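Every chain is numbered from 1, with letters handed out A, B, ... down the list of sequences. Since we're looking at a predicted model, the values are computed, not measured.
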Amino acid sequence: MNLTEEQILALAPDDSSKKSGKDLANPSKWVSKGFNDQALWGECQGSGSKPYQTQVDLTNIAFKCSCPSRKFPCKHGLGLLLLFSRQKNIFSETASLPAWVSEWLGKRVEKQEKQAEKKEQPVDEAAQLKRQQARLRKVTDGIQELKLWLKDIIRNGILLMPEKGNAYFEGMAKRMVDAQAPGLANMIRQLGATNFYEEGWQSVFMERLLRTYIIAEGFNNVDALPALLQQDIRASIGFTQSQEELKNQEGITDAWLVLSKQTTEEDNITTERFWLYGTKTNQYALILQFIVRGQGGQLSLMPGLFVEAELVFFPSGAPLRALIKKQLSTSSVTQFSKFKSWMHVAETETQYSSLLPFGNERPFVVRHLKPVQINDRWWLKDEHNAVMPLKNERNVVWNLLALSGGEPLDITVIGKEKSFEAVGVWNEETYTIL
Amino acid sequence: MQFWDDIVNTAMIGTDKKQPDANMLPLELAEQAGIIQTNAALDKEESFLQLAAVALNYRQSGSMPVIKEGVDIETAPVEEKNIAALKPFRRLKTFFPNHPFLYYKYGWSIVQIKNKLFCRQWYLHYYP
């Protein structure tokens with residue numbers, strides 16, 4: 001497995017771990033170090049009497065360390081992997097694993113098998129039905145209130161929305177939480193989080209308000225909608241789908257390229273969004289991982305890595321969100337299809353909109369894009385002179401220019417309509433994170 | 001998109017002061033607009049919300065990229081100077097983790113050759 005420094009550092013939970021990890025990517029810090037096809041391991045002399053035992057599962061990237069850190073991966077795991085990527089030759093390659101490594105790998109396999117075999121607990125169907133009906137009533141009542149609230153806004157006009165303050169939106173968001181519609185609560189909070197200082201906020205506010213209305217009204221008419229769209233409406237409102245049930249379904253096995261990892265933090269919960277692309281099936285996927293502060297995440301997917309895995313998609317008119325049913329190994333793929341032009345992207349978006357009118361942003365890998373400047377803004381130009389403004393120009397444009405040198409690049413963008421951010425590029429057949 | 005601007009303008013003022021008007025939608029949406037406007041069960045706020053929802057979907061379904069002829073960027077000249085290898089590049093990255101590598105002064109500062117990142121020799125004077 002060839003990992004770049006950027007890919008490894010992208011796994012770090014914070015900047016201080018990145019820095020400490022780099023400091024530990026030094027041969028003098030490691031008492032022993034070895035690897036084989038399955039794993040990478042090393043013993044790092046820390047402040048204690050015994051060195052810390054650090055190990056990395058190379059098949060399905062995962063870390064374990066005997067240090068007391070609650071960060072995940074810890075600085076030792078990052079340091080070891082960084083050192084391995086830089087100086088593989090100083091690691092001894094052995095067929096047999098140290099006992100502590102083989103024990104950990106064995107437990108991981110055992111755990112996976114147990115999860116696969118895990119049978120669902122028998123459920124009290126009558127009680128379950130009663131709970132479902134009670135929730136349905138709560139959501140229906142909540143949505144009636146939400147509609148009145150939305151209509152009030154429209155009746156009085158949105159002109160004075162910037163003066164309303166957070167409490168105005170938070171009140172309705174809390175009402176939606178009480179109504180057991182957390183998805184709608186998030187949408188109300190996003191509505192209130194509109195940047196009212198930005199030119200054109202009115203349009204952004206109306207888009208958000210209308211999406212909320214479409215979902216609320218969709219729920220009121222849910223029985224008349226196609227089955228998959230019903231699932232989208234329910235998911236947007238906040239009804240959850242049993243992941244165990246999903247994992248029982250047959251998934252899609254492919255060599256998935258990890259296009260990007262986006263991390264956000266709110267109320268002590270870190271949300272990691274992994275954007276994937278199936279190189280054989282041309283299917284894009286979004287994997288979400290929620291991590292409570294202080295706990296480690298189960299998934300460690302590095303942007304730029306090809307992961308052989310079976311994914312199961314959540315039911316949707318335009319499937320995107322998925323979960324990993326089985327992670328098989330890592331691989332490398334060089335040939336796969338990309339979007340030919342911005343027009344090709346637009347046509348695909350039209351198809352998605354017809355299936356899912358309230359869909360969110362999606363990733364696209366677009367061929368031969370060149371950064372160009374128009375009226376002091378940076379845009380991405382395709383081979384047919386179609387241009388699209390670069391949403392995150394401030395963060396990425398200089399790296400993009402340095403890699404491009406004025407030549408076109410194949411670029412991964414995430415967004416919708418006329419708002420796309422660049423997250424990664426191919427250059428000389430190497431995927432670089434921006 | 002005049003129709004979307006009209007939607008936003010009506011929303012700004014509020015339906016109490018400005019009645020929603022189906023004519024603000026494009027002709028292609030006349031049928032849908034007619035169905036909404038003739039639905040007696042809808043009050044004017046809901047009528048507007050439905051017209052606006054149809055307009056939003058029409059807008060996002062027909063979003064087209066802008067065509068700009070004659071816009072381009074100068075291609076970087078072929079690298080002539082000696083280049084430093086990956087190791088010093090990493091050291092620079094360590095010193096300036098968030099620094100976009102002197103782009104503002106020197107233009108194309110990083111080149112990528114054979115899957116590895118290199119930087120120009122003139123970086124070297126940054127070493128201690």
Side-chain angles (χ1 to χ4, degrees), chain A residues 5 15 18-19 22 86 147 150-159 202-203 205-207 209-211 213-214 217 341-343 345-346 349-350 353-354 357 359 370-374 379 381-382 384-389 398-399 401-407 416-418 427-430 432, chain B residues 4-5 7-18 20 43-46 48-50 52-53 55-77 79 86-87 90 93-94 97-98 100-101 103-104 107-117:
Chain A
E5 195 145 327
D15 285 344
K18 276 185 195 173
K19 190 178 178 307
K22 282 178 191 170
R86 289 177 188 176
K147 276 186 65 181
L150 293 173
K151 281 159 66 170
D152 272 350
I153 292 176
I154 290 302
R155 185 180 308 109
N156 297 318
I158 64 172
L159 193 62
Q202 300 88 344
S203 178
F205 184 88
M206 277 307 290
E207 281 173 36
L209 183 142
L210 288 170
R211 281 183 212 286
Y213 172 75
I214 291 169
E217 193 55 15
S341 62
W342 283 120
M343 186 55 86
V345 172
E349 282 203 283
T350 300
S353 291
S354 68
K370 200 188 269 192
V372 294
Q373 201 171 23
I374 305 169
W379 301 60
K381 188 181 87 158
D382 70 13
H384 308 280
N385 293 321
V387 292
M388 194 64 79
W398 300 113
N399 279 338
L401 286 170
L403 290 166
S404 152
E407 299 289 349
K416 63 180 298 188
E417 278 195 76
K418 289 192 172 141
N427 196 14
E428 308 258 340
E429 294 183 359
T430 300
T432 305
Chain B
W4 181 250
D5 290 343
I7 293 280
V8 172
N9 288 336
T10 305
M12 286 280 283
I13 298 163
T15 48
D16 235 8
K17 293 183 184 136
K18 192 174 180 194
D43 56 29
K44 61 181 188 303
E45 285 74 37
E46 190 131 29
F48 172 76
L49 282 165
Q50 294 205 359
L56 175 68
N57 201 23
Y58 181 77
R59 191 198 82 181
Q60 69 184 9
S61 299
S63 178
M64 300 272 276
V66 178
I67 302 294
K68 278 271 181 189
E69 302 282 352
V71 178
D72 214 331
I73 187 167
E74 189 187 342
T75 308
E79 190 60 63
L86 199 56
K87 199 172 172 184
R90 282 194 183 123
K93 272 267 202 188
T94 312
N98 299 316
F101 283 87
Y103 58 84
Y104 50 85
W108 319 118
S109 57
I110 305 168
V111 291
Q112 197 173 31
I113 298 171
K114 290 182 182 167
N115 302 343
K116 286 185 177 174
L117 285 168

| message | Is A:Gln373 close to chain B through its backbone or its side chain, or both, or neither, when contacts mean heavy atoms under 4.5 Å? | response | backbone

| task | Apply side-chain contact (heavy atoms from CB on, under 4.5 Å) to A:Lys381 and B:Ile73, showing your working. | result | CA-CA 10 Å; A:Lys381 188 181 87 158; B:Ile73 187 167; over 6 Å; no

| field | Option in B:Ser63, B:Gly62, B:Ala53, B:Gly70 with maximal non-hydrogen atom pairs under 4.5 Å from chain A | value | B:Ser63

| message | Contact between A:Glu349 and B:Gln60 at the side-chain level, heavy atoms closer than 4.5 Å - yes or no? | response | no

| task | May I ask you to test the B:Ser61-A:Glu417 pair for a side-chain heavy-atom distance under 4.5 Å? | result | no

| query | Tell me, side chain or backbone of A:Lys416 under 4.5 Å from chain B's heavy atoms, or both, or neither? | reply | side chain

| Based on non-hydrogen pairs under 4.5 Å, which of A:Ser354, A:Ser353, A:Gly359 is most in contact with chain B? | A:Ser353

| message | Please determine whether side-chain contact (heavy atoms from CB on, under 4.5 Å) holds for the pair B:Met64 and A:Trp342, giving the CA-CA distance in whole Å, both sets of side-chain angles, and the decisive distance to 0.1 Å. | response | CA-CA 8 Å; B:Met64 300 272 276; A:Trp342 283 120; over 6 Å; no

| note | Looking only at A:Leu159, A:Val372, A:Val387, the option with the highest number of non-hydrogen pairs under 4.5 Å against chain B is A:Val387

| query | Any side-chain heavy atom of B:Lys68 within less than 4.5 Å of one from A:Trp379? | reply | no

| said: Any carboxylate oxygen within less than 4.0 angstrom of a Lys/Arg side-chain nitrogen, looking at A:Arg155 and B:Glu46? | reply: no

| remark: Residue from A:Asn156, A:Thr350, A:Ile158 scoring the most non-hydrogen pairs under 4.5 Å with chain B is A:Ile158

| query | Any side-chain heavy-atom pair from A:Met206 and B:Leu56 closer than 4.5 angstrom? | reply | no

| message | Run B:Glu45 and A:Lys147 through salt bridge (charged side-chain N to carboxylate O under 4.0 Å, His left out) and show every step you take. | response | CA-CA 10 Å; B:Glu45 285 74 37; A:Lys147 276 186 65 181; over 6 Å; no

| request: Measure across A:His384 and B:Ile67 and return the closest heavy-atom pair with its distance rounded to 0.1 Å. | output: O-CD1, 4.1 Å

| remark: Among A:Pro357, A:Ala346, A:Pro389, the residue with the most heavy-atom pairs under 4.5 Å to chain B is A:Pro357

| task | Flag the one option from B:Ile7, B:Leu49, B:Val71, B:Asn57 with the top tally of heavy-atom pairs under 4.5 Å to chain A. | result | B:Leu49

| said: Can you tell me which portion of A:Lys151 sits under 4.5 Å from chain B's heavy atoms? Options are side chain, backbone, both or neither. | reply: both

| said: Need one label for A:Met388: side chain, backbone, both or neither, based on atoms under 4.5 Å from any heavy atom in chain B. | reply: side chain

| Checking A:Ile154 against chain B: side chain, backbone, both or neither under 4.5 Å from a heavy atom? | both

| note | When the 4.5 angstrom heavy-atom criterion is applied to B:Asp43 and chain A, the contacting part is side chain

